[in-house]
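This report concerns only the one structure given below.
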Amino acid sequence: MLLSELAEKELIQVRDGARYGKLADTELLFNPKTGKIEGFEVFQKTTSFFQANKANKKKEFIAWKEIILIGKDRILFNETDSSSDASDYS
């Protein structure tokens, strides 16, 4: 599968069905020592239109190991981690 195909898939958390946008809207985090993808950094989901400003949102981390299924249109994952320190990755 091409990265451009993955980028158009929508991220959905299985537990509550929350949508986190498309993979293209995330920051890819990888381990520079191994070259392996560690996960994706996304902005915290909001329900209010007035909280749509990215500057006011917290970042959350979706670990690669949390991905359950990569389907035709969606990527399903278990949990996000808002306390993860992404400074170890580039």
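Every value quoted in this text rests on a predicted model; they were computed, and no experiment measured them.
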(message) Pair L11, D25 - check side chain to side chain contact (heavy atoms under 4.5 Å, CB included), show working.
(response) CA-CA 10 Å; L11 292 163; D25 300 330; over 6 Å; no

(message) What verdict does the side chain to side chain contact (heavy atoms under 4.5 Å, CB included) test give for V14 and F77, after you've listed the backbone C-alpha separation in whole Å, the side-chain angles of each residue and the deciding distance to 0.1 Å?
(response) CA-CA 6 Å; V14 175; F77 65 94; over 6 Å; no

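Every side chain to side chain contact (heavy atoms under 4.5 Å, CB included) that L2 has, sequence neighbours left out, goes to S4, E5. In this view, E27 satisfies the side chain to side chain donor-acceptor pair (under 3.5 Å) rule with no residue, not counting sequence neighbours.
In this structure, K9 contributes its side chain and G71 its backbone to a donor-acceptor pair below 3.5 Å. Between the side chain of E10 and the backbone N or O of K22, no donor-acceptor pair lies under 3.5 Å. Using a distance-only test at 3.5 Å, with no hydrogens or angles considered, no donor-acceptor pair links the side chain of E38 to the main chain of L29.
In terms of hydrophobic clustering, with Ile, Leu, Val, Met, Phe, Trp and Tyr side chains grouped at heavy-atom distances under 4.5 Å, I12 and I75 are assigned to different clusters. Note: the hydrophobic cluster containing L76 does not contain I67 (ILVMFWY, side chain heavy atoms under 4.5 Å, direct or indirect links). In the hydrophobic cluster analysis, where Ile, Leu, Val, Met, Phe, Trp and Tyr join through side-chain heavy atoms closer than 4.5 angstrom, Y20 is grouped apart from I68.
With rounding to the nearest 0.5 Å, the separation of CG in L23 from CD in E8 is 9.5 Å. Atom CZ of residue R74 and atom CZ of residue R19 lie 6.5 Å apart, to the nearest 0.5 angstrom. Here OG1 of T80 is found 14.5 Å from NZ of K59. Values are rounded to the nearest 0.5 Å.
Nearest approach of I37 to F30, heavy atoms of both residues: CA-CB, 4.1 Å.
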